[in-house]
Amino acid sequence: MFDTGPMSAAPAPYLSRDDLAGRLPAGSWQRVVYDEFAATISSPVRPFPCVFGVKGFETDQLRYLFIDDEAADPDGPAADRLAAALGRFVAEARSFGPHASLVAFFRPGRVAGIEEYRARMWGLLAALARRDAAPWPAEIPAGTDEPLWEFCFAGEPVFVVCNTPAHIARQSRRSSTFMLTFQPRWVFDKILGTEQAAAMSFAKVRRRLVAFDMLPASPDLGRYGAPETREHRQYFLDDANRPAPACPFARLRDADAEVV
């Protein structure tokens, strides 16, 4: 278990956009994947659909983690590094601003199929849950098949987005390497705090998705808490609009005992 209490004065394991300029050598895998990400999310010609992420990038509220392991072993060193960084991020995120997110890039490796990446993501989330010493938040259901379930770490509900090299048609979920983004649930509170604000935000995202992706918006996209919505389906969207498979875990925190 990782102690996710008050952080020490040790250097943060992640970098801000401004920090990156002098830290990533040209031609390194870290520089290549970051530059691709930056070009995609900041393009004025082809606006990226996630308006929340775009705002976070523009205002330097995102933080970037580079893991020198392709995460093929979801319970290995990659999970250790990610758990330590995510705990630190959750503790500090509010100081970065209202659009903070942690973007974790993994070293590029063999390009796998969609389902292998889906399994890799869930393996890592389960590994993070096993490393989390904080109690599960009382207001969040433990069962994944609940409208109000959300992944939690260090006591904080966190929305997860997975991007992979296997995504072709769904360009909004494409990256040149396996990539996970962690957005604290409180990021959405102001943006989606009223029915009017939520309707406007979702409409804008969906308009951008139409122009950005090569297929219609996923039927698994929905508003948190709606009876028909399951958050876990939105973490990993298929590269087609096939129905999402059931979450492999009935209760992620008790992952070893609650595999579906």
## Note on the structure
Quick note, salt bridge (Lys or Arg N to Asp or Glu O under 4.0 Å) partners involving residues 48-61, not counting sequence neighbours, are none
### Task
Determine yes or no for a side-chain-to-main-chain donor-acceptor pair under 3.5 angstrom, with D220 supplying the side chain and L237 the backbone.
no
### Query
Taking only residues two or more places apart in sequence, or in another chain, which ones meet S43 in a side chain to side chain donor-acceptor pair (under 3.5 Å)?
none
### Message
Can you pull out every salt bridge (Lys or Arg N to Asp or Glu O under 4.0 Å) where at least one residue sits in residues 154-181? Sequence neighbours excluded, please.
### Response
R94-E156
#### Entry: Residues in side chain to side chain donor-acceptor pair (under 3.5 Å) contact with D238, at least two apart in sequence or another chain
R242
### Query
Any cation-pi pair here, R46 with F212, using under 6.0 Å and within 45°?
yes
### Residues clustering with V32 (ILVMFWY side chains joined when closer than 4.5 Å, directly or via others)
none
### Message
Tell me every residue that passes side-chain contact (heavy atoms from CB on, under 4.5 Å) with A169, counting only those two or more places apart in sequence or in another chain.
### Response
M214, L215, D239
### Message
Suppose we screen for salt bridge (Lys or Arg N to Asp or Glu O under 4.0 Å). Which residues come up paired with R31, at least two apart in sequence or across chains?
### Response
D35
### Task
Spell out, as yes or no, whether a donor-acceptor pair under 3.5 Å connects the side chain of Q234 to the backbone of G222.
yes
### Task
Check W122 against C247 and note the closest heavy-atom contact, atom names and distance.
CH2-SG, 3.6 Å
### Query
Mind checking what makes side-chain contact (heavy atoms from CB on, under 4.5 Å) contact with R230, not counting sequence neighbours?
D145, P147, H232, R233
### Query
Is the backbone of G225 close enough, under 3.5 Å, to the side chain of T229 for a donor and an acceptor to pair up by distance?
no
### Task
Applying side-chain contact (heavy atoms from CB on, under 4.5 Å), name anything that partners C162, two or more places apart in sequence or on another chain.
M121, T164, F178, L180, F236
### Summary
side chain to side chain donor-acceptor pair (under 3.5 Å) filter on T59, not counting sequence neighbours, yields Q61
#### Entry: Ion pair E139/R185, N-O distance below 4.0 Å
no
### Contacts of E116 that satisfy salt bridge (Lys or Arg N to Asp or Glu O under 4.0 Å) - sequence neighbours left out
R110, R120
### Task
For T181, check side-chain contact (heavy atoms from CB on, under 4.5 Å) against everything at least two apart and list the hits.
S101, V103, V161, M179, Q183
